[in-house]
Amino acid sequence: MTTGDYLAMLNPEQLAAVRHEGRGLLILAGAGSGKTRVITTKIAWLIRERGLEPESILAVTFTNKAAREMQERACAMEPRCSRTIIRTFHSFGSWFLRRNARAAGLDSSFTIYDDDDSTTLVHGFLPEKTRSECSRIASRIAKAKDFALAPDSPGLAAVTSEGDFRRLYGDYEARLRKTGNVDFGDLILLPGRILAENEAIRNRFRQRFRVVLVDEYQDSNVAQFELLRLLAGDEAYVCVVGDDDQSIYRFRGAEVRNILTFPDTFGGIDVVRLERNYRSYQSILDVAGAVVSRNEGRLGKRLVAERKGGRKPVLATLADHDEEAAYCARVVERVRKAGGSYSDVAVLYRTNAQSLAFERLFARIKFPYRIVGSVRFYEREEIKDALAFLAVVSNGRDEVAFRRVVNKPARGVGGVSVQAIVDEAYFGGTAAGGTADGELPGIFEPGNLVAAARRAAGGLTTARARSGLAAFVDLVDRLGASLGPKPVAGEVDEGAVGDTAALPVPPADPERSLARLVERVVMESGLREYHESGDEVQGKQRAANLDELVNAASDYGLSRDGLAQFLEAVELDRAMTIRDPDADAVTLITIHNTKGLEFPVVIVTGLEQGLFPRDDESGEDLEEERRLFYVACTRAKDELHLTWCRRRLFRGKIMESAPSRFLGEIPREAIDTAGGRLPAPALSTGPWKPGLAVYHDDYGPGCVAQVKPTGSGPLVIVRFETGKQLRFFTRYAGLEIVGR
DNA sequence: CAATTCGGGATCTGC
DNA sequence: TCCCGAATTG
């Protein structure tokens, strides 16, 4: 490709976005409008035409997949892009923190806690609460961090009104700092704090990054916005790309207002709209646009398809979820008869539970299918166990990891013993047997659980606990020793901003790869045997997953650094799977998982009130559901089907359902109806009539006094024999008709 | 300390 | 209906 050619592929708006200069730019890029092409071309253009150093450009995305794709496409255009930092927000935060660990009071070898680990941490200091209560506290803490709120922030009341939350959040922070680790929120918050408080570091980074680009900006949260501001200062050129209509992560702290108000909050920002869609037929965009245009909180744009015409999207009304699955199968059959393949078709749903009906039917009729993202690799119990063991080897202060594996498989070390070790780690040391064997004199490391276990092992009550713990400590020590000596803390060069992304260097000799360590962990800890011996089918799969983890480690070196890199990669890239992506199979996928994907044929299923949109709520929740619908429809290139069922199995019970209000928001002429006319949104009362005799599990026999049709199905008012009069949605109440 | 039974709750989930 | 966590029992 000669110079200049790479710009020839662009339309006028895209070209304007690439060549824009000034304070900053907001690119409003509709679905399928070629935004990745614009960002990657802009990076190449800045280097080639404007002579920027590749190292002075920072591009952040939200998913590893997007980061990889951006890196690949940019490098294909301009090889020097390999020196540009293209990372996810969190991966950038981690990169930053490891270079400036001391400024945040961290060791540069910290590991990253996920939500589950945070819950365990909360449980550690609130043992009297249940795990699910701890999980709620942990998720509120995560939310507070999404909004950049510290335990002493006045705005904390916005997250929860609970009185002692401030104290719990403070305890959590203290506890987390003791472990030497960080959670996902910290990967954004701590870099922000360092930049705000440390002028030297701030100046160094501002001098380095002259251009900051953010992809999928509509998914950013408040903390990310603040980090971006601190990084950019007044001088860097800021370019954010996004689509307010595709903001679907509000529940995780994403703040649509970030993109809606971006021009005002930064100031001097120009806006370019990319409204030419290269993916779908116009008929598909019309349906997606009809629904999302009902939202009030949007910047407003109208997608115009480059591919005119196309078949009208089809609406299918079906009796129940089995019929719905059969309809999908017929669509697949038709596509294949017309020369297409299984992988041309994607079945989309709002909740994972809906996949079951499709799985069962497809398995029976021998359609190959793949389920995207229901249980991810890293989330599997056996994988988390092995990773926790590795984390303990890497960092003896990791309380969460320690608790997870110290008695798994069972070594006789129960709750009482674990508590004794934890107490020893935090409060013991010099007083009680600090000179126990194995520990170097004079080096008492507060909070180091492995060292504490070594000291405490002799003092435990049962012989089984003593020998079990000794064996555990011995194994951790031997594995640690195989990695070489521990580095002295604080040795990382804080000025090392010039580094490019530190990618793992695959070891030349497989015997020196980290796979050897992971293999020993999996075998010698007994975890492989433990998981294999469970359920017969499941056990095989679990053993295979552990073997896969061993394989994954072969790209890393057999050293402390190699281990830390591996743990970070696994923690930050959860999409790692073991499936074969090349197989020809129908895709079963939640709508959230489809972002950024496209398929020739898309079937959006379960368009029913209460399911999609999920609640009959209004306002922000409903608007987010509309955006979800918009994302779902705009995945389709050639053909779009929408389905809804009159009845659906809901928690084991068959429930009447009403068509989604979204179906009523589509103009009649924009859609083909298969198996029935376009339903009016709502409003049937089903079998419910005044005078019916009913029975309720909790309230006993009664009589229907009144029935009202609503968007969520019939609402009945029942007078019970006890004299009580209550209102129910028949969809949810366990109300049985017993006669008239 | 480990195995078994019982009861309540059930979204989406980038990093 | 099905899964997970807590209480109970060996």
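So that the names make sense, note that chain A is the first sequence line, chain B the second, and so on, each numbered from 1.
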Please work out which of the three classes, parallel, tilted or perpendicular, describes the rings of Tyr249(A) and His592(A), given edges at 30° and 60°.
tilted
Round to the nearest Å and state the distance from Leu97(A) atom CG to dC15(B) atom C1'.
14 Å
Is NZ or CZ of Arg98(A) both nearer than 6.0 Å to the six-membered ring centre of Phe110(A) and within 45° of the ring axis?
yes
Taking N and O atoms by type only, does the side chain of Arg131(A) place a donor or acceptor under 3.5 Å from a partner on the base of dG5(C)?
no
Per Arg252(A) side chain, nearest of listed nucleotides dC15(B), dG14(B), dC1(B)
dG14(B)
Using the ring of each side chain (for Trp, its six-membered ring), is Phe629(A) parallel, tilted or perpendicular to Phe662(A), with breaks at 30° and 60°?
tilted
Nucleotide nearest Leu572(A) (side chain, heavy atoms from C-beta), chosen from dC1(B), dT13(B), dC15(B)
dC15(B)
Is Arg627(A) near enough to dC12(B) that one of its side-chain N or O atoms lies under 4.0 angstrom from OP1 or OP2?
no
Does dA2(B) have OP1 or OP2 sitting under 4.0 Å from an N or O in the side chain of Asn407(A)?
yes
Glu324(A) side chain to Thr643(A) side chain, donor-acceptor N/O pair below 3.5 angstrom
yes
Asn593(A) side chain near dG14(B) phosphate (N/O to OP1/OP2, under 4.0 Å):
no
Assuming nearest nucleotide by heavy-atom distance, tell me which of His90(A) and Glu624(A) is located more 5' along DNA chain B.
Glu624(A)
According to a strict under-4.0 Å criterion, is Thr590(A) in side-chain N/O contact with OP1 or OP2 of dT11(B)?
no
If you check every side-chain atom of Thr351(A), which of dA2(B), dT11(B), dT13(B) has the closest atom?
dT11(B)
Using OP1 and OP2 only, check whether a side-chain N or O of Ser417(A) sits under 4.0 Å from dC1(B).
yes
So is the aromatic ring of Phe251(A) stacked onto the base of dC12(B), judging by whether the centres are under 5.5 Å apart and the planes are under 30° apart?
yes
Exactly one of Arg250(A), Arg350(A), Arg661(A), Arg614(A) should register a salt bridge (Lys or Arg N to Asp or Glu O under 4.0 Å) with Glu625(A). Which one does?
Arg350(A)
In this structure, how many angstroms lie between the P atom of dG14(B) and the CD1 atom of Ile112(A), rounded?
15 Å
Could you check whether Gly415(A) gets within reach of a base, just the sugar-phosphate, or nothing at all, counting any heavy atom under 4.0 Å?
sugar-phosphate
For dC12(B), does OP1 or OP2 lie under 4.0 Å from any side-chain N or O of Asn352(A)?
yes
Asp116(A) CG to dT13(B) C1', straight-line distance once rounded to whole Å:
13 Å
